[in-house]
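A short worksheet on the structure shown next.
Source: prediction; values computed, not measured. Just so we're on the same page: letters track the sequence lines, and every chain starts at 1.
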Amino acid sequence: MVRDVPSSGGDSPRPDSEHREQGGYDITDEYDMPAEVDATFRTLRRVAFGYFALFVVVVAAVPGLTLALDWWSQGRLVGGMSPSFVMAAFGLYVFFFALAVAAATLANAVEDRMLGGPEREHPEQRGDAP
Amino acid sequence: MITASIIGLAALLLVVLGIALVLQPRGASTLDFYLAGRRVGVVTNACAICGDYFSAASFLGVAAAVYVSGLDGVWYATGFAAGFIPVLLFVAAPLRRFGEFSIPDFLGRRLTSDRVRLTAVCVVQLIILSYLVPQAVGSGITWELLVGHGIAGLSPYATGVIVSTAAITALVALGGMRGTTWTQAVQFLVLLCAFIWLTVAAIGSGFHYPEAVDRLSEQPLTNPTATEEGQWHLETEQDRIDGEDPATFGEPGARYGSLGQFALIITLIMGTAGLPHIMNRYFTSPTGLAARMTTVWVLGLASLFYALAVLLGTAARSLIPGAAAEHAWMEELTVDGVLKVPEHALLVLGRVYGGEIGLGFIASGALIAVMSTIAGLLLASAASWGHDVYERHINPHASQRQAVWAGRGAVVLVAVLSAAVAVGLRPDSLTALLPSIVATMVTWAFALAGSALTPVFILTIWWQRTTAPAAITGMITGALTAITMFALGTVYGDAGLSEMLLTPTIVAAPLSAVVTVVVSRFTTTPAELDRLWLKLHGTAADRHTLRLARLTITGVTRRSKEAP
Amino acid sequence: MTGVNRAPAARRLGGGALSNGSLPLAAALAVAWGLVYLITQVIAAPPLGVGTTLLIGVGLTLLLTVGYPSALRGPRGARLVPRQQGKQGAINRPGQTIAAVGRSIPLRSGLTSEAAQRTAQLLHPLLGGDSVAITDRHKVLAFLGPGSDHHTVGDPPRTDISAKVLDRAKTVMVRHRAKLGCPEPSCPLQTAVVAPLAIGKRVVGALKVYRLDETPPPRGLVEGMAGILSLHLELAELDRERKLAVDAKLDALRAQINPHFLFNTLNTIASKARTDPEEARQLLLRLSDFFRYAVRQDGHFAEFGQEYFFVRTYLSLEQARYGDRLRVRYDVDPQVLTTNVPVLTIQPLVENAVKHGLANKVDGGTVTLKARVDPLTRTTTIQVSDDGVGIEDEELEKIVSGDVTAEGGIGLRNISERLDTLFGERYRFDVRSTVGQGTVVDLRIPLG
């Protein structure tokens, strides 16, 4: 029988409470407020969908331009490839990688600035740092 | 002659396993892996994901597709690589942060519903099956060329399918091939080495990429077809965009019409985010941040790999006619200098440049690609049967032992099923209908994943109001639409509007998303959304892991300073 | 709703036109157009049609302009130091016109020895003399040319006329060596023109030009140049005063952190210490974060991300106190996070919204912080709004004019004055309020 019950797993209210007292450090110092997470999530969603739109437009443009522009498949770039072949064989990969790096950097920067704070000095750490 | 290549293959496989076992990082390096952002951990994991991802479809199939249809085949490479962009943008980091072990588990926990979990299990099993079949076909083709004769009265092709599937199933079921990060990473490096070697050899023998494309584009594209009497002859491909003109290598149209081009690309792009064996890999990243950076690396590595695959497909098209005249053994494989089975392209190149050893190298590369992917798929399948279904629903009090046996049973079942389907499909009987069969068949798995899983997956992560009934309806709609369209596609062929029937994501995914959204509007969201959201999008656990790792490392270095 | 729906009361606290150029964007656009030209017209055969090329170029331009701010992001740590006054290098360039020199005088940073040296070097070829000296009231700051062996830098001015000029604030021309009054007999200097350098009416130094022959240096030229230098010194003085004023305001702000807030928070923590010690501990950590941030700010600008952290810390403390009555919503553009905003500006606005808007509302409400970047006008927009009780028109008038700084809070006046000194007319700061519906504070500053 299938029942629609909340899944098993003893989750306590705080997301990281399962780590509590792990490794001898009390780590509940790190926590997020719902409003902060919500803001970060919406900002990241805007970033993700923005980049995705750019991605779809560029990818669709490669076969799309074939239909719209003769030059795209008739012209010859370096050594004899058509612009569309150059794009499909190298250009798109370069674009993908650049897009990935840009999106990941931006997402990391957003998370870094919108959640948590600047590194807190820890009493335990301060005393015995070399 | 054949013995040499088999010995080469066996030796290489042993070397790969040996390297994997000897170099496997132990002790302190695990600590490195725990530190998100540390290059070693992220890059190793990226290589492992590539090892899982690059199957026969990528290794033999992409080059074959380029060989057969030129620019239209390049879309496979583009789509396979581009699939990681949605993964990066939408899935990687939240999936890891939520911290469940499989896609069904993730969806079930996120929507707090067991029905969602079971529906997802069914969809995942369908995807795995449709991914396994082309892998088995790929190994059959390789066996056909490499060994050439069957065992116990079976055809060489069927023997290849059965032997490879049986071997890997045995390995997985007995727990010998756990798909450790390191083994997968080494396997990827072997594949990359094979491509780099072929590229260097091709360029060394005077292959000039842009000129070759230019030269190939001047004449019509021709491919062999068999008549009913078994006679092979070359037939000119029609340009499906411009109508009556013959298609050429450097221009689209040889394989897909104007709509089909988009449909194929969308299908491949959306599919990757729903592939269970790839998504399961993300749980090995220490943090969401590491998962995200891993995807960036995967994209870089995949881009390199597929760019080389396209180059090699072009090289095969341009060089094999010349080589066919020189090498007697190519006579039975080619028709006027064009290969009968395009998947042989890289294997033939390997033999041309490296003799028997070269053939063995490429063949073992193909088998490694097949094996690592099959292993990953079978493990994902076992996990979803054993963990998501058996442990949770059939026998909640199961011991660890029982769960493992349930998983093993599932592995054998799925493997037998996939081998049976693969044997039933004779590749050379299908090449006329579906050129570059391996790559084409893999798109079925991508279509199913992209239609049924990816839309629901993205919505559950990025839209708070998604509900359990909506997710179930969405997945079922996506899967049914994809399967129905595909069934219609095989009946009505692939011309005009029905082109997208064979790559249905372009219709099925939006439909699935719309259904999910509409049903969500009329049903209630799970309770305690805030808590789920903190876990899914919050970085507290990430920061904690990072700090713990930093503290541990400071501690370790200090201790090692104190005790020299 | 209890409030009467009235037309919103709106006040502008300051500001004017906004504009900000962007050199890097222009460079990026130039490169993009260059690449488009190169690929479609030079490398390709046959070249692409003109219309299509232009279309691609315009498309790229739009994409770059809109997407440009997001391309400048990096992880924390690779943060830019807030703007610093670049030092102007001045080298002796003979062909320079006086106008050009006038624009690049190093004295903008004040009458220091280093600045005087560079000014003297810059002016030496222009003034028609053999030696050029600059002094302040007590010592020689720079001496360039023959005679520098005994007219050494750092000594008191040796000639009598220096004293005369400094006293009378008038230009003096000396045509004979004897009248120069240099005690050194071997001094080669014959004639001189000495002009005072003044800030307002106060003489702060002198510009001296000497010649080795009988013809004195051109008086008008020296006098004019001294006038330009005086103007620069005056500007430098103004800069310094303005900076002092802003510093004083910032100090006032730091000292002004609301004691009520501290007491309330400590009370909350004390009561939680019994019921939920873990949360009390976290609150204490947040409180220390809050004060650490407020005290450690020493520049005038901080990254928005840091100010945002300050606001988050503040609001999480207030949420502990108000519970469900205080709801918070942030709406932040990713591009805003790395822009520089005036330090300790946003939190006071949020605090006002909590204190004046929501504290007195029975069922509480939502505070919204919205931050945006407009890439086209190059401005940062920060909006703090609440759906609280709103402010009466007359009350708003008082708050805006600075009469009320309600119970230790930081007055809007303080903020707008600081913005005045930081941006001059290049910002906007508006408050709109409707009784019963809430208050919206809108701040637009140049993207920095």
Task: Structural part of C/Thr40 lying under 4.5 Å from a heavy atom of chain A - done: both

Open item on the list: Is A/Arg76 close to chain C through its backbone or its side chain, or both, or neither, when contacts mean heavy atoms under 4.5 Å?
Closed with: both

Task: Flag, side chain of C/Arg327 to backbone of A/Ala35, donor-acceptor distance under 3.5 Å - done: no

Open item on the list: Looking at C/Arg312 and A/Met114, would you say the former's side chain and the latter's main chain have a donor-acceptor pair under 3.5 Å?
Closed with: yes

Open item on the list: Looking at C/Val332, is its backbone amide N or carbonyl O close enough to the side chain of A/Thr43 to form a donor-acceptor pair, meaning the two atoms are under 3.5 Å apart?
Closed with: yes

Open item on the list: Less than 4.5 Å to any heavy atom of chain C: does that hold for the side chain of A/Val110, its backbone, both, or neither?
Closed with: both

Open item on the list: So for C/Ser316, is it side chain, backbone, both, or neither that comes closer than 4.5 Å to the heavy atoms of chain A?
Closed with: both

Open item on the list: Can you tell me which portion of A/Leu54 sits under 4.5 Å from chain C's heavy atoms? Options are side chain, backbone, both or neither.
Closed with: side chain

Open item on the list: Before you tell me yes or no, could you show the steps for C/Arg329 and A/Glu36 under salt bridge (charged side-chain N to carboxylate O under 4.0 Å, His left out), namely the whole-Å CA-CA distance, both residues' side-chain angles and the distance that decides it to 0.1 Å?
Closed with: CA-CA 8 Å; C/Arg329 194 180 158 87; A/Glu36 296 169 3; over 6 Å; no

Open item on the list: Is C/Ile39 in contact with chain A via its backbone, its side chain, both, or neither, using a 4.5 Å heavy-atom distance?
Closed with: both

TODO: State plainly whether the residues C/Asp333 and A/Arg42 are in salt-bridge range, i.e. N to O under 4.0 Å.
DONE: no

Open item on the list: Taking the side chain as everything from C-beta on, heavy atoms only, tell me whether A/Arg113 gets closer than 4.5 Å to C/Glu303.
Closed with: yes

